[in-house]
Q: 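Here it is, the structure, as structure tokens.
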Amino acid sequence: MKNYVVIPTYKEAENLRELLPLLKDFNVIIVDDNSNDGTAQICGGFKNVKLIVRKNERGLASAVLSGVKTITDKQAKVVVMDADFQHDPKKLPEFFKSLDEYGFAYGSRKTLKMPFYRKVISKTAESIVKVLIPKIREIDDPMSGYFGFRLDRVNLKGIKPIGYKIMLAFIMNLDKGAKIKKIEYEFGERKFGSSKLSFNVMLDLLRQVLRLNDYRIIIFGLVGLSGVFVNEGVAFLLHAYLPLYIVFIISAETSILTNFILNHNFTFKRRVKLRKALPRYNLVALAGLSINVLIALYLSLFIEYLLANFIGIIVAFAFNYALSEIFAWKNSAI
Ligand code: GDD
Ligand code: MN
């Protein structure tokens, strides 16, 4: 048998009692964080189920990774799923069949049963994540926890588990040529017990996303800050010799160029050719400048001008960064 199902659990005994009988065709690995709720007794009743109990560690992502690492069969096909029936076990055969051909398969939730405002938050978060991490832009449901892969197509050593969204880390460490398959499924209701999602989990997601972003957004921000000094410096040097409006144009454009050189080399590590990125970035920066000015002018009708300008700066920063990622330094090969 080459088909493995890895399930992280914390206090899921009631769910496991009903789930495990449905998984008789697979090698099941349960990674339990010492729930002490009868999980061990239930698992003991199934020959195809291996239970790993972790006493000193907690966390969904690290549980998944430690379960996967116990698989020695290099030909293995592995599917990761939750124990609470939100991930439809009937889809497992489709996963394993896809993995004959594809290196990776992920479940994409069809209809999300959640209040409208939560949907908006979730979709916004998803878009932000997609801007920050180019590699997952093609994935329809990047926050999914239901996914599978051929063991020989992922570099497990590259995976640093934090938080909940372990699938992101697997995709980042997928072999270059591996094909990815989407499998749609209906996201169910949790059968028993309650979700372990917490505020800390959100913070973990932020940390994880920043890491998978290689901290480019932070470097980009520092570069922007350096541009302010360049801008002011050039204005200071020129102001005695030229009319002010020309001084401001030259100083702004100079800072756009120094920002470009720094971003090209450090933030985006020359991931596209200079002659393509330079005109595009210039365009983005000028558009960003207009956004900044327009927002500041408009808001200053209602609020203090410095605050208005600050909001303009923040919006323009987000705009500049997003367009740098998806336009100026867009590289579909990564
Ligand atoms: N070992 C271990 N340790 N397992 C855990 C831990 C932990 O600290 N926290 C949660 N789990 C297990 C749960 O027992 C369950 O089997 C699974 O991980 C998912 O936990 P839930 O608490 O049900 O998470 P959720 O429903 O909020 O979110 C899940 O579904 C999302 C949508 O697919 C997760 O899988 C998310 O990653 C996923 O995005
Ligand atoms: Mn759940």
Side-chain angles (χ1 to χ4, degrees), residues 5-20 22-23 28-40 42-43 49-70 79-89 91-92 95 105-114 118-119 121-123 125-126 129-130 136 139-148 159 161-171 182-209 212:
V5 178
V6 173
I7 307 176
T9 62
Y10 185 66
K11 301 211 186 294
E12 303 285 7
E14 288 168 297
N15 286 312
L16 285 176
R17 190 174 293 129
E18 294 191 16
L19 182 65
L20 292 181
L22 307 175
L23 306 181
V28 178
I29 300 172
I30 304 286
V31 187
D32 185 68
D33 288 357
N34 209 16
S35 301
N36 276 324
D37 62 346
T39 293
I42 293 163
C43 292
V49 174
K50 181 168 98 182
L51 172 68
I52 300 167
V53 180
R54 306 195 307 168
K55 296 230 160 84
N56 305 315
E57 252 182 297
R58 273 291 313 263
L60 199 170
S62 66
V64 167
L65 188 65
S66 47
V68 171
K69 278 187 171 160
T70 63
V79 174
V80 174
M81 73 184 294
D82 295 349
D84 59 0
F85 283 91
Q86 292 198 277
H87 297 160
D88 183 359
K91 286 280 169 182
L92 284 170
F95 267 98
Y106 67 95
S108 174
R109 291 167 285 181
K110 259 199 289 202
T111 38
L112 288 181
K113 290 185 208 76
M114 47 168 91
R118 281 214 40 196
K119 236 183 237 182
I121 293 176
S122 147
K123 282 287 159 199
E126 205 178 295
V129 170
K130 283 187 174 180
I136 60 149
I139 306 292
D140 269 347
D141 188 0
M143 303 300 171
S144 174
Y146 197 9
F147 64 96
I159 297 179
I162 26 175
Y164 253 47
K165 305 299 172 185
I166 183 73
M167 183 174 88
L168 296 178
F170 273 87
I171 293 178
K182 169 170 103 170
I183 295 176
E184 293 204 324
Y185 75 103
E186 217 52 76
F187 192 57
E189 302 274 340
R190 176 177 257 283
K191 236 184 185 163
F192 301 101
S194 55
S195 168
K196 283 89 200 169
L197 197 75
S198 63
F199 181 68
N200 273 342
V201 167
M202 307 282 187
L203 282 186
D204 276 346
L205 177 61
L206 195 68
R207 275 174 52 213
Q208 185 188 9
V209 167
L212 297 179

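Counting starts at 1 for both ligands and their atoms, in listed order. If you're wondering where the values come from, they're calculated on a predicted model, not measured in any experiment.
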Q: With heavy atoms of T9 as the reference, note each atom of ligand 1 found under 4.0 Å away.
A: 1 (N), 2 (C), 4 (N), 14 (O)

Q: Mind checking ring pair (Phe, Tyr, Trp, His ring centres under 6.0 Å) for F95 and listing every partner two or more places apart, or none if nothing turns up?
A: Y146

Q: Which protein N, O or S atoms does the Mn ion (ligand 2) have within a distance shorter than 2.8 Å?
A: D84 OD2, Q86 OE1

Q: Quick one: does ligand 1 sit under 4.0 Å from the side chain of R109, the backbone, both or neither, non-hydrogen atoms only?
A: side chain

Q: Does K91 qualify as a cation-pi partner of Y185, given the criterion of NZ or CZ under 6.0 Å from the six-membered ring centre and within 45 degrees of its axis?
A: no

Q: Of the side chain and backbone of K11, name the one, both, or neither that has a heavy atom under 4.0 Å from an atom of ligand 1.
A: neither

Q: Which ligand 1 atoms does F187 reach within 4.0 Å, using its non-hydrogen atoms?
A: 32 (C), 33 (O)

Q: Among L16, D141, D82, whose heavy atom sits nearest atom 29 (C) of ligand 1?
A: D82

Q: At less than 4.0 angstrom from any non-hydrogen atom of V31, what atoms of ligand 1 do you find?
A: 1 (N)

Q: Please identify each residue that fulfils salt bridge (Lys or Arg N to Asp or Glu O under 4.0 Å) with D140, with sequence neighbours left out.
A: K182

Q: Which option, G188, S35, S195, G107, owns the non-hydrogen atom nearest atom 27 (O) of ligand 1?
A: S195

Q: Short list, please: which atoms of ligand 1 are under 4.0 Å from a heavy atom of E12?
A: 13 (C), 14 (O), 15 (C), 16 (O)

Q: What residue and heavy atom of the protein are closest to atom 3 (N) of ligand 1, and at what distance?
A: D33 OD2, 2.6 Å

Q: Quick check on M167 - does any of its heavy atoms sit under 4.0 Å from an atom of ligand 1?
A: no

Q: Is any N or O atom of S144, backbone or side chain, closer than 3.5 Å to an N or O atom of ligand 1?
A: no

Q: Between R54 and ligand 1, which part of the residue brings a heavy atom under 4.0 Å of the ligand: side chain, backbone, both or neither?
A: neither

Q: Heavy atoms only: which of Y10, Y106, F85 lies closest to atom 5 (C) of ligand 1?
A: Y10

Q: Check salt bridge (Lys or Arg N to Asp or Glu O under 4.0 Å) between D141 and all other residues, then give those that pass, not counting sequence neighbours.
A: R109

Q: Just to be sure I read this right, does ligand 1 sit under 4.0 Å from the backbone of A63, its side chain, both, or neither, counting only heavy atoms?
A: side chain

Q: Report the member of M81, K165, H87, R190 with the shortest heavy-atom distance to atom 21 (P) of ligand 1.
A: R190

Q: Taking heavy atoms and a distance under 4.0 Å, where does Y146 meet ligand 1: side chain, backbone, both or neither?
A: neither

